[in-house]
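Lettering follows sequence order; numbering is per chain, from 1.
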Number of protein chains: 6
Amino acid sequence: MAEFTHFNDEGRAKMVDVSDKPETARTAIAHSSITVNHDIFEKISNNEMKKGDVLAVAQVAAVMAAKKTWEIIPMCHPIPLTGVDIAFRWEEEEAGHKLMISASVKTKGNTGVEMEALTAASVCALTIYDMCKAVDKGMVIGPTYLVEKTGGKNGDFKREKEVQ
Amino acid sequence: MAEFTHFNDEGRAKMVDVSDKPETARTAIAHSSITVNHDIFEKISNNEMKKGDVLAVAQVAAVMAAKKTWEIIPMCHPIPLTGVDIAFRWEEEEAGHKLMISASVKTKGNTGVEMEALTAASVCALTIYDMCKAVDKGMVIGPTYLVEKTGGKNGDFKREKEVQ
Amino acid sequence: MAEFTHFNDEGRAKMVDVSDKPETARTAIAHSSITVNHDIFEKISNNEMKKGDVLAVAQVAAVMAAKKTWEIIPMCHPIPLTGVDIAFRWEEEEAGHKLMISASVKTKGNTGVEMEALTAASVCALTIYDMCKAVDKGMVIGPTYLVEKTGGKNGDFKREKEVQ
Amino acid sequence: MAEFTHFNDEGRAKMVDVSDKPETARTAIAHSSITVNHDIFEKISNNEMKKGDVLAVAQVAAVMAAKKTWEIIPMCHPIPLTGVDIAFRWEEEEAGHKLMISASVKTKGNTGVEMEALTAASVCALTIYDMCKAVDKGMVIGPTYLVEKTGGKNGDFKREKEVQ
Amino acid sequence: MAEFTHFNDEGRAKMVDVSDKPETARTAIAHSSITVNHDIFEKISNNEMKKGDVLAVAQVAAVMAAKKTWEIIPMCHPIPLTGVDIAFRWEEEEAGHKLMISASVKTKGNTGVEMEALTAASVCALTIYDMCKAVDKGMVIGPTYLVEKTGGKNGDFKREKEVQ
Amino acid sequence: MAEFTHFNDEGRAKMVDVSDKPETARTAIAHSSITVNHDIFEKISNNEMKKGDVLAVAQVAAVMAAKKTWEIIPMCHPIPLTGVDIAFRWEEEEAGHKLMISASVKTKGNTGVEMEALTAASVCALTIYDMCKAVDKGMVIGPTYLVEKTGGKNGDFKREKEVQ
């Protein structure tokens, strides 16, 4: 049969071939955050939001989003995750109360889980926004970034310090 | 039958009842961003990324994510969107090249589309991260925030200025 | 063009046409349950399960499943739900501790939400099983049944008493 | 705030705004087909395929795909379908036995259901391929095309004759 | 960076880490049931339901649900299933005709498939309810329970007798 | 417990057991096409379609559909794909301009990826239809067929020549 000319070769979207990469243990940790006003901070802490326990729902949303990352990010490879964990920490800032979000993801596979950790952290923050937006729509999400990754032939990554 | 005691009433997650809210035209605009190094900026601009045309793929991902918001954010109501549009703008910053992302969403329904706009903007940034991460994993996403919303009985929202 | 002969007419699966049914307010309530041993009852009550707060996660799962019912049940019509609520009640039985689950669903549409309520109640029970199965796999789910529905031209339905 | 320059305006993917289009009754019918060898024809007719009753499974797959069209086709609007029906007809051709597939879709909405009918017909044929491919991988799907559509301001469409 | 304080450690939902569990062959069988009145029993047996061949559709729904279990049950690990099979058996009971449902699931992985079997059996019953509910809404689903599982380091499980 | 009688054994849909098939490298290539009129050909080539860059969006849709094949085709096994690539070629035909679509899929697993390649090619064509249908609804998709597959114990498949 005639060959296909990749006439738009330079701009062609594809899921790159990872068939030959070995299966190794891989981990990634990503951080995001959401800055809220004092009223929301109080309502989250005292569990008074009308839609429910904000952090409990956000954790569930984050774990489920990690598993769906390959559906949401077009060129991501599907990976069977082996573990997902979400943690929180409040920080006082001039702009308000900042809820730090940490998402840790593990797998044993032939490609990394950076996108799964970043997606989990982002969806966690978005869910908190959703559950509190009836009180104030001025909340700010992020910055969102990779903190570290291990596994794979390209070496590990470790960010020196938190992004402000 | 015996009544259910809402023993965990204070922390119960639920999808709040919007049956009695009228159907009105609604819009929302959210911004996110991704800060990249000079190498990635050049490769995006010149369409040299191995996974494809970065911005074209990110726009598609963002539109599709807007439609899936109700699946990703647990207490979000399903809404049949009538329009989604994504736009970009480069800004030069000290920290690097910052790609500003704007997501506009429209519907005619009984609840707002803030979450759809925020989710679209977030997934747009995440997709760019995915397509460029082979070059540098230090990219930073966001801040991500609502810029404006119209429609609904609670009045419009308009942010005064960009979040830095 | 030639007519299609519905040669397997009697057994043909189809999504029945509801185009001409009027949009009315509709509600449905379904019950399910899960019977657990004393050890699990204690661990749920004291929030000691390794996978997290069992009832909080189960509520989230139930709400999300209600929204996905049309994806899970093949001939179900897609319906934009306007409200979902889940409640619990413990009952002591000879067979063990029985957690009663009630799922209430609302919409304004041209078909009922019985399946959404039944699916939410079922997934709620399945999620509890998942989170407790490391302790005991002998838990029993259900019976699961419709308790009441309102709205639609076919009249309301109200079950007289709980199914044992 | 500064305006976004739609620097890639010509190539920007978007879900076009249909907010102002009126809700009307809409229908679409699409045809596809699959041409199989004599062995497969016999096995389908006698219900001897190892994976199950081929046409029954294909009908279910087609109905479910119609409902998921907005998830599969990036710029498609989500539409709550009100009816989906699939029918079959065998035709004898020189190339083999050709199973004609007809998918009819209905809704009441502000955009048409052509894509839902085409997707249902395509997935119906793909499912038949899947269930018979252990016998022969040489089956050919299609052509697949729109037969007619009604509703909407742009007028109806009616194809004159079957595509060979 | 500062450590995250797991301030809500006791109630934190997470997908537990199974990275170190070995991949072994695993199977699970779950049972559910649906009790229907005589009219529905006749209509299912004679294939006279308006929505199609009830059991054929229910089998397809069950297989598809088994594959989607990780999407439906929040803390479930995604597992690539290698086999799913559904079987039926009618039993005469005082309360009516009881259709027993058996779902068998297989995989080769590092976590069990109990949830996949239970979800398949539940969705099978829910689908039958959906296809027959126009005749009678009084049908009762379940009890639903695990019958046996094999594989994994925690040993096999085998229920002694059917749950009534 | 009593045995289940597979009373509808001949017609039972199931996902066949592949647990004992070895994991090997597998590839598949499928072709589809879409025949468009001169106006559409010009608009695609000059990137003047209102919905965006047609081929860029279609490639993304095709890659995402390949990953979702197990969700769309009922009896398909879920497979973690390792690579997906889409290419195009224009051919001049009497009936109009025919855009040939080639979808290549790779995995390392215990079942083939023919369905993933066929689904990707089909969804690619459907997406092009969607993006151009405002100009002309007479476009024809396909034929769609498998071109080659490698891997697995049943031997390779290679089609001799293009289907017209």
State the [atom1]-[atom2] distance between [X] and [Y], to the nearest 0.5 angstrom.
| X | Y | atom1 | atom2 | answer |
| --- | --- | --- | --- | --- |
| D:Ser19 | B:Arg26 | OG | CZ | 12.5 Å |
| D:Lys14 | B:Ile86 | NZ | CD1 | 11.5 Å |
| D:Met15 | B:Thr82 | CE | OG1 | 6.5 Å |

(message) With a 4.5 angstrom heavy-atom cut-off, is it the side chain or the backbone of B:Val63 that approaches chain D, or both, or neither?
(response) side chain
(request) Tell me, yes or no, whether the heavy-atom count around B:Lys108 atom NZ, taken from other residues, nucleotides or ligands under 6.0 Å, exceeds 12. (result) no
(message) Quick test of your reading of the model: are B:Lys67 and D:Glu71 salt-bridged, counting only N-O distances below 4.0 Å?
(response) no
(request) Would you check, one step at a time, whether the test side-chain contact (heavy atoms from CB on, under 4.5 Å) holds for D:Trp70 with B:Met64? (result) CA-CA 8 Å; D:Trp70 62 269; B:Met64 295 180 86; over 6 Å; no
(request) Go through the atoms of D:Val18 and report whether side chain, backbone, both or neither lie under 4.5 Å from a heavy atom of chain B. (result) both
(message) Please classify the contact of D:Asp20 with chain B as side chain, backbone, both or neither, using a heavy-atom distance under 4.5 Å.
(response) neither
(message) If the condition is side chain to side chain contact (heavy atoms under 4.5 Å, CB included), which residues does B:Ser122 pass it with, not counting sequence neighbours?
(response) A:Leu126, B:Thr144
